[in-house]
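Below is one structure, written out as structure tokens; comments come after it.
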Amino acid sequence: MDDERGIATVSDAAFLEVQRLLNREAALLDRRDYAAWFDLLTEDVKYVVTARVSRPAETGPLDYAIIDEDADTLRLRVLQIGDPKLTRAENPPTLTRRFVSNLEVEAAGPPNDYAAHTNLLVYRQRGTAPDGDFYAGRRRDLLRRDRGSLRIADRLVRLDHNVLFDGSLSIVL
Amino acid sequence: MNDVTSIANGDPWVDTANGTVSREIFVSEDVFCLELDRIFHRLWIFLAHETEIPNRGDYVVRTMGRVPVIVVREASGEVRVLLNSCRHRGTKLCRGEAGNARHFVCPYHGWSYALDGGLISTSYDEHLPADMDKADWGLVPAPKVESYKGLVFAAWDPGVSQLRDYLGDIAWYLDTLFWRTPGGMEVLAPPHRWRARANWKIGSLNFIGDGQHVATTHAGPSTLNRLHSKKAGFFVRGGESFQVVTDEGHGCTLTYLAPGMPEGNYLTHPPALRDAYAEVLSARQISMMHHLRVMVGNVFPNLSFIENQVALGEKAVLIRQWQPISGTETEVLSWVLAEREASAEYKDRALKHGFHNFGAGGVFEQDDLELWASATQASDNPIAQRFPFSFHSSLPFDSAPIENARGPGRAYKPSNTEVAQLAFMRRWDAAMQPGD
């Protein structure tokens, strides 16, 4: 399900439901409303971010995890960046604007569970720096019906980065 | 007073008598160029771990100061370090970060080289003059390449001492991290790489002995892990701690569990591995490891290492390198390792713990990086540079080492003074002298 071969189309209603969820999620993260954001996740959520080793085309690309969290460690990470007393990197808060696009949705597992593939571009501006930075990547979310709503159960963000540009990744992608 | 002094105002760069260090050396491009000359293009520089290139033809591409190199395992199994630049017009032979090659072929005009760097063909050998000896036109090899316990180093000065001699007493501590089972350690994933908008020395100083920054900079993970551990019924409390300084400006900080704590730390190593430690390490080394909560240190100039236990059982061995880009920019590389004999499940856990805390998205790292960048920005002007950094909290302790009951090297208490940092700066200052 990580690759996107043979993505089966889903109904327009399903597509819109997924799009609505991901747009709402992006807005919550841009507003740093982590409590509301957590409510969009399943209780056993997984969150993985990878970067890429630049290798010859003949050898093929190699992605490796730079973040690999389960629900517990993801909560610790977010408690840190969400609490002004506990973070230096995010206080003053960085400004972020997430662009989630090129959505493709496929049916996954039980009825009404989906895999959503999106492009992600995040603009981020820190402190008084004159210009901002971008994170870019392809996202694959497994979405599951849980407690009556569609929620994010498993996120894989494949960053199109080799060397991360500025320090350590201190936001959720 | 040293021969080499501040370019801006004539003050010494490192004033050990008064416990001050010039800000200029943390931002100046002139100082940076001199560092390349006197440190990075001369002394032993860490490049890679042997297990990154296990097979014939495996290579990784790294940098020593400004010098791009290929670290390759050649046919004989030896590791070679070759200048990553064609002898013809200078094009890089390897333009990615890693791979496997049978030989290196320049994409520009087709010069080809064997894995040991020897020139095979220029593609137009028939046009060469009869007296051109191809043996003189191989890829430029680093004259000194040696490994210690899986850690590969190279130097561009053929006159450097043997690596083992250069490491001196710090090797005893490195053994306990990098070769504590018969199989040695293995790198679990490619190194994380990120840019820091700060001078490389800030990283080395932070790892060699900066106990003072933990509570403030890392209030986040410190507080959250305490709550987290309490919930789990175990709170990892620190006890005895001290700094160790060895010759050549290497050093480390050791922190033990508080008395009365469960034997959590040592016992979180898998039992099969614990038994194997005794096959490789001395009784004294094993006794040093027992109850050790954190060991963090630096090999001069820019190789740092840490084994940390943040919460119970969450332990990982990391290599960290501060690769200088300019006076105000550093590329950071971070590897997570585990014992080769460890189970796949243990390795997976170590990898996750390792980079949750210290990596391109590390919860410790992110706060350090932002503060180092701000110190760099604020110091990058002539007014700030009239006012040196304070290393004063080294002074009352610097001349009073305690008996080091645990291992070799000069030990100092308490661990949260700046003695080891001053020792690093003293070594740096000596390396920067024209005659050193």
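The sequence lines fix the lettering, A, B, ..., with proteins before strands; numbering per chain opens at 1. Bear in mind the structure is a predicted one, so any value in this text is a computation, not a measurement.
Each of B:Asn416, B:Asn206, B:Leu205, B:Leu371 was checked for a side-chain contact (heavy atoms from CB on, under 4.5 Å) with B:His213, and the lone residue meeting it is B:Asn206. None of B:Phe305, B:Trp200, B:Trp322 except one satisfies the ring-ring contact (aromatic ring centres under 6.0 Å, His included) rule with B:Phe207; the exception is B:Trp322.
Looking at B:Glu97, the atoms closer than 4.5 Å to chain A (heavy atoms on both sides) sit in the backbone and in the side chain alike. Contacts of A:Asn162 with chain B are made by both backbone and side-chain atoms, with heavy-atom separations under 4.5 Å. Only the side chain of B:Glu331 comes within less than 4.5 Å of a heavy atom of chain A; its backbone N, CA, C and O stay farther away. Only the side chain of A:Glu69 comes within contact range of chain B, judged by heavy atoms closer than 4.5 Å. For A:Leu62, the part sitting under 4.5 Å from any heavy atom of chain B is the side chain, from C-beta outward, and nothing else.
Note on ring orientation: taking the six-membered ring where Trp is involved, the planes of B:His192 and B:Trp194 are perpendicular (angle over 60°, cut-offs 30° and 60°). Relative orientation of the A:Phe165 and A:His161 rings is tilted, given thresholds of 30° and 60° on the angle between their planes.
Heavy-atom pairs under 4.5 Å with chain A peak, among B:Leu333, B:Thr217, B:Val332, at B:Thr217. Comparing B:Gly362, B:Gly99, B:Ala189 by how many heavy-atom pairs each has under 4.5 Å with chain A, the most go to B:Gly362. Looking only at heavy-atom pairs under 4.5 Å with chain B, the residue among A:Thr59, A:Asp70, A:Val53 that has the most is A:Val53. Between chain B and the residues A:Gly60, A:Ala51, A:Ala65, the largest count of heavy-atom pairs under 4.5 Å involves A:Ala65. For the set B:Pro191, B:Gly361, B:Pro190, the entry with the most heavy-atom pairs within less than 4.5 Å of chain A is B:Gly361. Most heavy-atom pairs under 4.5 Å with chain B, from the set A:Asn91, A:Thr87, A:Ile66: that is A:Ile66.
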For side chain to side chain contact (heavy atoms under 4.5 Å, CB included), just list the numbers for A:Leu156 and A:Thr50, CA-CA rounded to whole Å, side-chain angles, deciding distance to a tenth of an Å, and then say yes or no. CA-CA 8 Å; A:Leu156 171 65; A:Thr50 66; 4.0 Å; yes
Begin from the C-alpha positions of A:Glu90 and A:Thr94 and carry the test side chain to side chain donor-acceptor pair (under 3.5 Å) through to its verdict. CA-CA 6 Å; A:Glu90 292 295 326; A:Thr94 59; 2.8 Å; yes
Please step through side chain to side chain donor-acceptor pair (under 3.5 Å) for the pair A:Asp30 and A:Thr96, ending with a clear verdict. CA-CA 6 Å; A:Asp30 284 338; A:Thr96 60; 3.0 Å; yes
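Seen from the ring of A:Tyr135, A:Arg124 does not count as a face-on cation partner, given the 6.0 Å and 45° thresholds.
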